[in-house]
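Any value given below was found using the heavy atoms of this structure, including those in side chains, with hydrogens, waters and symmetry copies removed.
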Amino acid sequence: MLMKIISSNFLSQTAPTTLLKRVFTIDTPLNESQMLKEKIAIYLDNPERLCCVWRHFLEWNPELFGERNKQLVDKLKQKISERSGGDINIAEELLYDLYIFDQIQVHKIITNYQFKGHLAASIDPLNIFRSAFVPDSSIIPGTDIDSQMNCPYNKERKIILPDESFIGGSQTVMKLKDILITLNRSFCGSIGIEFMNHTSVDIRQWVKRKFEEPAFVSSMHSPHIKQLILLRLIRAHSFEQFVSSKWPNEKQHGAVGCEILMPALETLIDFGSAHGAQSFVLGMTTTRARLNVLANVFRKPLQQIFVPFHHQTSEGVLLHDDDKYILGNNVKKVTSNQALPTEFAVLASTSNFVEAIDPLVSGKTMAEQLYTADDDGRRVWPIVIHGDEVISGQGIVMETLRMANQKGFSTNGTIHIVLTNQSNLPRNDSPKSDAGSIYTTNVAHTTMAPVFHVNSQDPEAVVYCMKVAAEYRAKFKSDVIVDLICYQKYLPPDKSIPKEIAKKIDSERPILEKYSEKMVKEELSTWYEIDNSIQKYNHLLEYSYSKAQKSSFKVNEWIDSPWKRFFEKKLQLVDPNTSLIPSVYKVTVENIISYRPDINTHPSVLDDLSTHFRMAKENKITWLMAENLAIAFMLQEGINVRMTGNNCEEGESIRRYHARYAVDTPESRIPLRGMYKAQGYYTVCNSLSSEFANLGFEIGFSQTSPKSLVIWESTKEDRTSLAQYMIDVFLAAGEGRWFRQTGIVCLIPHGMEGKGDSTSTGRPERFLQMCNDDYQNPITEMPLQLVKCNWIVANVTTPSNYFHILRRQMKVNFRKPLILFTHKKLFKKMIYSPRENFLNKNRFQVYFPDYKFPPNSDLAQGVKKVLFCTGKVYYELLDARDEANLKKEIAICRVEQISPFPFLAISKDIVNYPNASFHWVQEEHRNQGWWTYVRPRFIAAMEMIKKKDPKTSIEPGINYIGRGSAYQTATEIRYQHFLERSLFLADAMKIM
């Protein structure tokens, strides 16, 4: 290890005597300090009292003490002769040890700067909790100052630089003084770097080179870059002044204090485009500077940006005050490094500073990379801008960072920009931030992503960090973080700036003013040129403002992923045909059954599959085969399908075997991926145990294109609650709030089987609470109901209906989220549907009447009790009816699609039972499940019958049968579970 520190060329063929001359040649003699005299006196008295460093130093450098100490020199020579016995080999060995020691000490100094230099860097523009580094080369971060002062190093001594350092550029030898100056400039200036925790030597060396080698660092000071920074600062500063002057009463989400963000992003885009990027996906977890980014980075037309301020709409859209800060955008422009236009997508985000947008950016990026065959992520780059308040405290940041290295979720690196606002620091004297540590970016340490902390008041340093970040992402395909330390002058009304920080902020001059003075001083610009640029941009702002007053808001101008030509077709207000042609059905089933992987699969897997395949040959299609058929046929139609979940490849509780694993090798095979010569791309992958980030990723993926079916499966019943924020914001309110459609399918495990509250219910009541269908003024035509609803909630009971509802997601020419509750028990019981249900123009059935009682028949007239239900409780009711021998007295009907509610189908069926009482049966507790949602809608359906036929004997009303109210979703006691079930089943079989 020591040999690496020394130059190999230097040691290879150099005699010890020559080594002595080359290493210890001193240009300037040491001063005669009292410390040296004391050390010499101690040596003459007893050499063993000195440490080996001083002893070797004095023994082999007697000439350093000058002519005035001739007597001491003679005595030292005598001591040397005595200690070495006149043997030159011993002397040379001691000299070599001293050389090694010197090199190790210098290497330690350099390493200390690389590890801890950021702690002394001048990265705080307000100098509140971080003091600037003292410009004294004798102080080295992370070392003991006292021992440093006593170190026998001469600052003029020449040191051979280690191979791992690039501070000398082409030089291999530097004076210690110059080494310290260079290290201070590289690691203790306006940039602080955290990168030495990375396990990759190549990455560490690459980052060192970028910040140590003078040739790289000097590139940030080129006149062209400086003039570009000035022009971009002018636009950013002028935009902020214009908006605040025109709309002084609007919420302040401006960029005052972080105007450098715009030149930084433009630099990032320029260098990204130079490395082949053709599309950038941006997510912002903060509304700060969003409009400035749209105007001056992505060049969204200023007229479109100003229109929402006037609240003028032409499409019946009600604009909220925050819409202009949170709606998505899609812009194309030509960058300075490309002739072809580059596409920019700014994703719609929330206005309450939540990091929920992070996984959506990753999901959309991966979708675009898939559709453009960008396997190495060279053409599509994700960027996320974080606020310092949320990045350090919300677990979804960690989940998304961890997901970046997961198979099926990697985007080949995301560039994270953190706006560290000084006004958001805690009001105390602690040097720690809201993160409980020095930096809010410490979460990056978990993935070893390098972090560049940079002072926002040094524009050239900021631009250089962005350049390095772009090059890092292009080369290593992994995450990198730029911590832009700035301040926020204007806060929302609900926040206030601490007085001590406010004074600092008020005393700060605008960055444009300071940088303009610097440019004029360096004779790179004149005040006349600067004023002229400001006036030109202000004229453009005024012109756009006048045009905006005459324009109105258009939805298609505020969508992040416009689906080209998808919405051009007329809405399809018919129930689509989702059945299969017999010939296609036969070929698809045969392809699934005949697949034989070239790996050794576990025998139990083969046995389980053989049962399903045998039933398929008998024209009995199980749940597993129905799912495979739906996916296979959509792939044949060219539709891309993606299925993810915690263990969805093989299936944990629901065995689906979409991936076959070998028992003797780590190989696997995915049968559906290569079933047809020309088919859509099929992705099935296990996800992290993180519902929040995983669902966000799949939502972002599904919003990118309407020609992909995305299926997300929750891990367990209760785990769905962890993704509730994503469900509320981006699914339930996705189309109404953000103008974004998505056809994602959410498979929610559900079913009370006596296993406790953690694995019993998927909380359907939460989803039904957010359904927008109105039972007081119901729409009865199902196709129109589907168009108007915000999402679809279903609970199917047959494999064929499961097949048809998946197919319907892609057959309609609009997209709605599908919340589909699934039951482990139905998968395991080998419930099947006949072959005919998949053919002959069959469709998804929103409601199943009891087919034992034909309409207007005597059998229906004799029914005394009608039980409505949904899900697996239907099969329990069937068994109970058979046991009670009440097949003629009780009809059991199933509601397969809960929302939108099938008013028309149910009302048509109810009239067949004029002599019956109506009951809703559910296995969930009364205050949970479906009851509170279906009750008013059943009554509305009966009122429709009464209105149509006032003479009918059917009175609006429906009774409840099921468990009573409870605070838990299910009991933990298995005996209690079966007792409760037997009681409500017995109640259902009672005939009054």
Side-chain angles (χ1 to χ4, degrees), residues 653 691 714-725 727-728 732 746-771 775 793-797 819-826 828 865 867-881 892-896 898-899 901 917-939 957-990 992:
S653 56
E691 265 61 26
S714 181
T715 306
K716 289 184 178 180
E717 288 81 350
D718 64 330
R719 295 289 293 276
T720 310
S721 301
L722 299 177
Q724 198 63 46
Y725 187 87
I727 294 168
D728 295 352
C746 299
L747 301 180
I748 313 296
H750 180 74
M752 303 182 70
E753 299 176 8
K755 296 182 179 180
D757 58 353
S758 62
T759 55
S760 291
T761 173
R763 290 285 191 177
E765 66 275 4
R766 293 181 177 175
F767 296 92
L768 295 174
Q769 281 179 344
M770 292 179 283
C771 296
Y775 64 87
V793 180
N795 190 20
V796 298
T797 57
I819 311 300
L820 185 58
F821 291 90
T822 59
H823 306 274
K824 294 175 283 188
K825 190 173 182 180
L826 298 187
K828 295 175 181 178
K865 195 172 190 178
L867 303 179
F868 296 100
C869 63
T870 185
K872 78 175 183 67
V873 73
Y874 166 75
Y875 294 97
E876 296 172 354
L877 290 171
L878 281 182
D879 294 339
R881 187 177 67 175
I892 304 175
C893 308
R894 291 165 282 173
V895 183
E896 299 282 288
I898 309 297
S899 180
F901 193 74
S917 60
F918 301 98
H919 306 263
W920 174 262
V921 183
Q922 66 177 34
E923 58 180 348
E924 299 82 8
H925 291 281
R926 187 186 187 102
N927 59 327
Q928 301 165 22
W930 326 90
W931 170 243
T932 55
Y933 178 85
V934 300
R935 179 179 179 274
R937 286 161 179 80
F938 269 107
I939 294 175
I958 187 169
N959 303 310
Y960 170 81
I961 297 176
R963 289 178 169 89
S965 298
Y967 66 92
Q968 273 185 308
T969 56
T971 179
E972 298 283 350
I973 305 171
R974 191 169 179 82
Y975 167 77
Q976 181 70 21
H977 164 78
F978 288 110
L979 177 62
E980 293 173 353
R981 187 179 70 173
S982 62
L983 289 175
F984 82 74
L985 288 177
D987 190 17
M989 295 302 115
K990 288 181 181 179
M992 302 300 293

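Side-chain atoms of N927 come within 3.5 Å of backbone atoms of A966 as a donor-acceptor pair (strictly under, hydrogens ignored). With T969 contributing its side chain and D757 its backbone, the two residues share a donor-acceptor pair below 3.5 Å. In this structure, T870 contributes its side chain and V895 its backbone to a donor-acceptor pair below 3.5 Å.
In terms of heavy atoms, L877 sits closest to A988 at CD2-CB, 3.9 Å. Contact record, C869 with I892: SG-CG2, 4.1 Å, taken as the closest heavy-atom pair. Of all the heavy atoms in F821 and G762, the pair that sits closest is CE2-O, 3.9 Å.
The distance from atom CZ of F984 to atom CD of E923, rounded to the nearest 0.5 Å, is 6.0 Å. Rounded to the nearest 0.5 Å, atoms CD1 (I748) and CD1 (I727) are 6.0 Å apart. Separating the OH atom in Y875 from the CG atom in L826 is a distance of 6.0 Å, to the nearest 0.5 Å. One finds the CD atom of E972 at 13.0 Å from the NZ atom of K755 (value rounded to the nearest 0.5 Å). Here the straight-line distance linking atom CD of E876 with atom CZ of R881 works out to 14.5 Å at 0.5 Å rounding. A distance of 12.5 Å separates OG1 of T822 from NZ of K872, quoted to the nearest 0.5 Å.
For W920, the side-chain hydrogen bond (donor to acceptor under 3.5 Å, both in side chains) test picks out Q922, with sequence neighbours left out. Residues satisfying the side chain to side chain contact (heavy atoms under 4.5 Å, CB included) criterion with L722, sequence neighbours excluded, are E691, R719. For the side chain to side chain contact (heavy atoms under 4.5 Å, CB included) test, no residue two or more places apart in sequence or in another chain qualifies with Q769. Partners of Q724 according to the side-chain hydrogen bond (donor to acceptor under 3.5 Å, both in side chains) rule, which considers only residues two or more places apart in sequence or in another chain, are D728. Among residues two or more places apart in sequence or in another chain, the salt bridge (charged side-chain N to carboxylate O under 4.0 Å, His left out) test is passed with K865 by none. Remark: T761 pairs with H750 by the side-chain hydrogen bond (donor to acceptor under 3.5 Å, both in side chains) rule, at least two apart or across chains.
Looking at heavy atoms from C-beta onward, N795 lies out of side-chain contact with P764 at the 4.5 angstrom threshold. In this structure, M752 and E924 have side chains that are in contact, with non-hydrogen atoms separated by less than 4.5 Å. Side-chain contact between C746 and S714 is absent, with no heavy-atom pair separated by less than 4.5 Å.
Under the 3.5 Å distance criterion, with hydrogens and angles disregarded, no donor-acceptor pair is assigned to the side chains of S899 and R937.
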- Message: Pair Y775, F901 - check side-chain contact (heavy atoms from CB on, under 4.5 Å), show working.
- Response: CA-CA 9 Å; Y775 64 87; F901 193 74; over 6 Å; no
- Query: Are S760 and Q968 close enough, and set up right, to give a side-chain contact (heavy atoms from CB on, under 4.5 Å), and what steps lead you there?
  - Reply: CA-CA 10 Å; S760 291; Q968 273 185 308; over 6 Å; no
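Checking each of E980, Q928, H925 against R963 for a side-chain hydrogen bond (donor to acceptor under 3.5 Å, both in side chains) leaves exactly one that passes, namely E980. When each of W931, F918, W930 is paired with Y960, the ring-ring contact (aromatic ring centres under 6.0 Å, His included) condition holds for W931 and for no other. Of the options I819, V934, T932, V793, a side-chain contact (heavy atoms from CB on, under 4.5 Å) to L768 is made by V793 and by none of the others.
Within the cation-pi definition used here (under 6.0 Å to the ring centroid, within 45° of the axis), R894 qualifies as a partner of Y874.
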